[in-house]
Amino acid sequence: MLVVVAGAQDVGARRLPERWAPHDVAVLTPADLATVGWRWRPAAPEQSAAVLDGRLVALTDISGVLVRLPAVTPRELPQISAAERDYVAAEMTAFLVAVLGSLDCVVLNPPASPFLTSPLWRRERWMRAAARLGIPTAGPASRHTDVSAVTVVGDRCFGAREGELRRQSRLLARACGAAMVVARFVATPVGRRLAGADPWADLEDDDVAAALLAHLA
Amino acid sequence: MILLWGSLGDGPLARVAAALDDLACRMCLVDEEDARRTELAVAEDGALRGSIPAGGRRIDLAEVTAAYLRPRDPRADALWAWADLAGVTVVNRPAAMSRCFSKAQQLPVIASSGFAVPDTLITTDPRAALEFWDRHGAVIYKSISSTRSIVSRLTADHRQRLDDIRWCPTQFQELVPGVDHRVHVVGERTFCSVIRSSADDYRAAGAAVAVESGELPEPCAQRCRMLARQLGLLFAGIDLRVTPDGRWYCFEVNPSPAFAYYERGPGNPIAAAVAALLRDAPRES
């Protein structure tokens, strides 16, 4: 089974079970974590189970995970009393970080505590990594309107046609050790320059969605 | 120049500041408001450049040789980012502290260091919790995240409320009998406190507690140093318990220990050790 960890409002993630049919795909939202049935024993993975789309699934039956959520936020938990929401969100996040980090399958991308996925670096870290790789970077402009995104999934690249941007994106993905990265380049008077990167691939892009499935399955 | 980020109203920070003063170290205290006014830029060559207001003037971050972080609110992004990237000794790097956010995720790392870890179940299933309780006889529950929580033993009263765990994954652990030890690792040094208390959580208000300096067997001290290193921590508070049959358990690692409590009495000059670590810190490449 493939699992997509996503927020309740993530339309692209919600469409993946249909898009990736006939693979068995479940979407795990924070609401699922407030459901009877979760069991996680680090000393006995074979006894651990998740509740996905109302189904009880052994963690050992999960063959791949795509993470679309940086953390469980209080806003995702309307069913929890307001006074408890912050605490429950932190607990659910800490739980998922541990569970996702313990799985013996491909996770795109693995959690980096306190986040459910990676790399969620601050801008300065991306800029420094890029500078060390010889990738030209953009200044911290408040708003960029002309952004070109390059998505790296494993060895494949999607988005901008410019070979140089693809080469830089691959370099960046390799440097941060992530199988999936979206590098964002902005137009400047001296050409396109890196403004940042993140793990939020466009799931509405057929090629990207197919590459993600190929990488997970 | 040693940067201290936090408030002198915070016990650990005040003690480290006093210890640095004793060592005649130059330091600057950065409060929450100053931290928010940090200016930081990454040059074309990847070098970090920036400044921070402190004590009525702006300090060039290039002057900082080491930093001790005890912010209450670390949302001052630029300084938090600097602390992760700067080529100076930082106690502790934000990324390393973040790695300790999930106590559940710490468990395999602790186990790999050679300590025993308590059997653990995290569940939303009341039946699974009951089975776990029956298996172990005595069980505690505590938070999974770094949110401060009091470790509590399951009692008959909880049986009525166990259904509540359906709303949130809850961490249960077998109750390990024995004597608590709090070990502070500061660089390569270890300081051990022995805590005698009949409470499930000796930190709980009202618990009768006796704290004294203790000796840690060298293999245990080595494991503590290794564990801190594995987690990327220069300074760590490690919670251990030794069972009546001599087995050492480790429950969790605190990446920003409030150590003042354990400095009572001689033998545990933790603040002085942190100050020396900051003073002697080599610049990193």
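By convention in this document, chain letters (A, B, ...) are assigned in the order of the sequence lines, proteins followed by strands, and residues within each chain are numbered from 1. Note that these values count all heavy atoms, side chains included, but never hydrogens, waters or copies made by symmetry.
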Engineer: Is the closest side-chain heavy-atom distance between W40(A) and L121(B) below 4.5 Å?
Structural biologist: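 No, too far: nothing below the 4.5 Å cut-off.
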Engineer: Between T137(A), T35(A), I80(A), which residue shows the highest count of heavy-atom pairs closer than 4.5 Å to chain B?
Structural biologist: T35(A)
Engineer: Given a strict heavy-atom distance threshold of 4.5 Å, which part of T93(A) is in contact with chain B: side chain, backbone, both, or neither?
Structural biologist: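 Both backbone and side chain of T93(A) come within 4.5 Å of chain B.
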Engineer: Are the side chains of F95(A) and C168(B) in touch, meaning some heavy atoms are under 4.5 Å apart?
Structural biologist: no
Engineer: Using a heavy-atom cutoff of under 4.5 Å, enumerate the residues of residues 165-180 of chain A that contact chain B, numbered in order, or state 'none'.
Structural biologist: none
Engineer: Does any part of the side chain of M127(A), heavy atoms only, come nearer than 4.5 Å to the side chain of E44(B), both counted from C-beta?
Structural biologist: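 Answer no - side chains too far apart.
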Engineer: Taking C-beta and beyond as the side chain, do T123(B) and R41(A) meet within less than 4.5 Å on heavy atoms?
Structural biologist: no
Engineer: For R58(B), is the CZ atom crowded, meaning more than 12 foreign heavy atoms sit under 6.0 Å from it?
Structural biologist: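 Above 12, so yes.
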Engineer: Is there a side-chain contact between E124(A) and W82(B), using heavy atoms and a 4.5 Å cut-off?
Structural biologist: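 In short, these two side chains do not touch, never coming nearer than 4.5 Å.
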Engineer: Does any pair with a residue in residues 54-65 of chain A pass salt bridge (Lys or Arg N to Asp or Glu O under 4.0 Å), and if so which ones, sequence neighbours excluded?
Structural biologist: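 Listed by first then second residue: D24(A)-R55(A).
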Engineer: Report the option among R125(A), E84(A), E91(A), M92(A) that has the most heavy-atom pairs separated by less than 4.5 Å from atoms of chain B.
Structural biologist: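 Result: the option with the highest number of such pairs is E91(A).
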Engineer: Taking C-beta and beyond as the side chain, do Q79(A) and W167(B) meet within less than 4.5 Å on heavy atoms?
Structural biologist: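 Side chain of Q79(A) against side chain of W167(B), heavy atoms only: contact under 4.5 Å found.
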Engineer: So for atom CZ, which belongs to R75(A), do other residues, nucleotides or ligands contribute more than 12 heavy atoms lying within a distance under 6.0 Å?
Structural biologist: no
Engineer: Who wins among R127(B), R135(B), K103(B), Q106(B) for the most heavy-atom pairs under 4.5 Å with chain A?
Structural biologist: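 Heavy-atom pairs under 4.5 Å are most numerous for R135(B).
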Engineer: Chain A heavy atoms under 4.5 Å from D119(B): which part of the residue, side chain, backbone, both or neither?
Structural biologist: side chain
Engineer: Heavy-atom cut-off 4.5 Å, strictly under: side chain, backbone, both or neither for F115(A) against chain B?
Structural biologist: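 F115(A) has no heavy atom closer than 4.5 Å to chain B.
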Engineer: Surrounding CG of D245(B) (heavy atoms of other residues, nucleotides or ligands, distance under 6.0 Å), is the total greater than 12?
Structural biologist: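 Yes, the 6.0 Å shell around CG holds more than 12 heavy atoms from other groups.
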Engineer: Side chain, backbone, both or neither: which part of A43(A) has a heavy atom under 4.5 Å from chain B?
Structural biologist: side chain
Engineer: Should F101(B) and S113(A) count as side-chain neighbours, where that means a heavy-atom distance under 4.5 Å?
Structural biologist: yes
